[in-house]
Amino acid sequence: MDAPSPKPHALDGETIVRVALAERAYDIVIGAGALASLGKRIATLRPGARTAVVTDRTVAARWLKQAEAALAAAGVATAPIVVGEGEGSKSYDGLQQVTEALIAAKVERNDLVVALGGGVIGDLAGFAAAIVRRGIEFVQVPTTLLAQVDSSVGGKTGINSPHGKNLIGAFHQPVLVVADTDVLDTLPPREFCAGYAEVAKYGVLGDLGFFTWLEANHGDVFNGGAARQHAIATSCRAKAAIVARDERETGDRALLNLGHTFGHALEAATGFSDRLLHGEGVAIGMVLASELSAELGLISPVDAARVGAHLAAVGLPTRLQDIAGFSQEGIGNADSLMALMAQDKKVKRGRLTFILLKGLGQAVITSDVEPSTVHGFLERKLR
Ligand SMILES: NC(=O)c1ccc[n+]([C@@H]2O[C@H](COP(=O)([O-])OP(=O)(O)OC[C@H]3O[C@@H](n4cnc5c(N)ncnc54)[C@H](O)[C@@H]3O)[C@@H](O)[C@H]2O)c1
Ligand SMILES: [Zn+2]
């Protein structure tokens, strides 16, 4: 862009987190009611740009009017593109629908795609923006807790392949993220809770002070207000710092996968169904990673237990036995879970990479855990 980007400026009570990526740097605006400032911010950032708002049916019913009103109030032209809700839209079909609709709406190189929704919409709309006309800029307006603290920040976009999740995609950073903390009030409690696992993750992986604060204040985070804003801003700051160090995940960014190697295997073992939401898989995965760290003598059993106790206190599942249908449909055995973990795209040259803890609030990336150790560990956990 020719024009220097305007100085970050927070309206009353808003927090601005800057993602420091040189010419791809952008602001995350976090605050109650921040959606109302969307049009003004876009008009300031990219004067004259038109927009297309990509969203899903559920979010459209609750928040599309407000988003359109905010854009109209600042004189920003917009067209809505509404897809079905759920992971199924992160598909070739969903991508075709959105890209064709963007072209039909005459969205051009200098216009903006606005992703209004959870991680599904952010990933899908972001990827569509990355490829239509060889790349259009986009704005993330995350409406789930998971999207506000994780998927809207960092520029990973994409869709699923029949072979696995997120296998087709691109790095495409947004030019702005607007996270309205009030929008989360309409989120189903189970979805909020699942997103909270990613919030706790930032404490467990890199910030003992934040984890300790969450142990004392999680009730307020669930209730909304200043504590929720603080938790979201702290999470975004943590992710922004890691992304700024390692945008393309050649090193440190993998720390964000704490709990995810186990978690993804559990999601796959339950057929990516309602039996286990992503964040719930991550919660169980984080507990398993903590317990494995304790077994390997990296952290104390007391610290490992603290991770599980906190996640259980907010109502997240923490044990394999907590997964719906654990006894009837089952989730497989240690062999099948190991096979699913080996399919994870974080596998490097056949070695499983694990994110383990060398302290509470201190995650490390390691690929020297023996498969037989993990196998034995899982066998005991499945009992
Ligand atoms: N790009 C990344 O870095 C990244 C990181 C983590 C996860 N992800 C992806 O994110 C996706 C999961 O995201 P998600 O958990 O936000 O799921 P989602 O987008 O499917 O949203 C969950 C459900 O909540 C509904 N919803 C969204 N906002 C709402 C609101 N304010 N009120 C009421 N209902 C609302 C949606 O319609 C949907 O039914 C996965 O596809 C995952 O792969 C991407
Ligand atoms: Zn995650």
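We count ligands from 1, going down the list as the structure has it; atoms in each ligand are counted the same way. The model shown is predicted, which means the values in this text are computed figures rather than measured ones.
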Test of proximity, V120 against ligand 1: N or O pairs below 3.5 Å: yes

So, do L184 and T143 sit near enough that their side-chain heavy atoms are less than 4.5 Å apart? no

Closest candidate by heavy atom, reference atom 42 (C) of ligand 1, pool K156, H278, K165, R57: K165

Between R228 and D185, is the closest basic N to carboxylate O distance under 4.0 Å? yes

List ligand 1 atoms under 4.0 Å from W63, heavy atoms only on the residue side. 31 (N)

Quick test of your reading of the model: are R133 and E108 salt-bridged, counting only N-O distances below 4.0 Å? no

What protein heavy atom sits nearest atom 16 (O) of ligand 1, and how far away is it? T144 OG1, 2.6 Å

By number and element, which atoms of ligand 1 are closer than 4.0 Å to a non-hydrogen atom of K90? 9 (C), 40 (C), 41 (O), 42 (C), 43 (O)

Starting from atom 30 (C) of ligand 1, which protein heavy atom do you reach first, and at what distance in Å? T186 OG1, 3.4 Å

If you measure from the Lys or Arg side-chain nitrogens to the Asp or Glu carboxylate oxygens, is any gap between E280 and R190 under 4.0 Å? yes

Region of L184 engaging ligand 1 - heavy atom pairs below 4.0 Å: neither

For atom 29 (C) of ligand 1, what's the nearest protein heavy atom and its distance? L187 CD1, 3.5 Å

Output the list of atoms in ligand 1 that are nearer than 4.0 Å to some heavy atom of E85, sorted by atom number. 37 (O), 39 (O)

Among all protein heavy atoms, pick out the one at the shortest distance from atom 15 (O) of ligand 1; state its residue, atom name and that distance to 0.1 Å. L146 CD2, 3.8 Å

Would you kindly confirm whether L214 and L205 end up in one hydrophobic cluster when ILVMFWY residues are joined by side chain heavy atoms under 4.5 Å apart? yes

Quick check on side chain to side chain contact (heavy atoms under 4.5 Å, CB included): which of I121, V120, D56 does E85 satisfy it with? D56

Tell me whether the rings of H310 and F211 are parallel (<30°), tilted (30 to 60°) or perpendicular (>60°). perpendicular

Is the ring pair H264/H278 parallel, tilted or perpendicular, if the boundaries are 30 and 60 degrees? tilted

Validation row, ring centre F127 to ring centre H172 under 6.0 Å: no

Cationic N near anionic O, under 4.0 Å, K156 to E249: yes

What is the nearest protein non-hydrogen atom to atom 40 (C) of ligand 1, stated with its residue, atom name and distance? E87 OE1, 3.4 Å

Using the six-membered ring wherever Trp is involved, compare the ring planes of W213 and F210 and label them parallel, tilted or perpendicular (cut-offs 30° and 60°). parallel

Protein heavy-atom partner closest to atom 38 (C) of ligand 1 - residue, atom, separation in Å: D56 OD2, 4.2 Å

Salt bridge flag under 4.0 Å for residues D150 and K239: yes

Quick note on ligand 1: atoms under 4.0 Å from a heavy atom of T58 include exactly 34 (N), 37 (O)

Does any N/O atom on D123 come nearer than 3.5 Å to any N/O atom on ligand 1? yes

Can you tell me the protein heavy atom closest to atom 14 (P) of ligand 1 and the distance? G119 N, 3.5 Å

Cut-off under 2.8 Å, centre the Zn ion (ligand 2), protein N/O/S atoms: E198 OE2, H260 NE2, H278 NE2

Test: R275 and E267 ion pair at under 4.0 Å: no

Non-hydrogen atoms of K239 versus ligand 1: any pair closer than 4.0 Å? yes

Name the closest protein heavy atom to atom 6 (C) of ligand 1, giving the residue it belongs to and the distance to 0.1 Å. D150 OD2, 3.6 Å

Check for a donor-acceptor pair, side chain of S91 on one end and backbone N or O of N160 on the other, with a separation under 3.5 Å. no

Would R109 and E137 pass as an ion pair if we require N to O under 4.0 Å? no

Looking only at non-hydrogen atoms, the one of T143, L277, V83 nearest atom 31 (N) of ligand 1 is T143

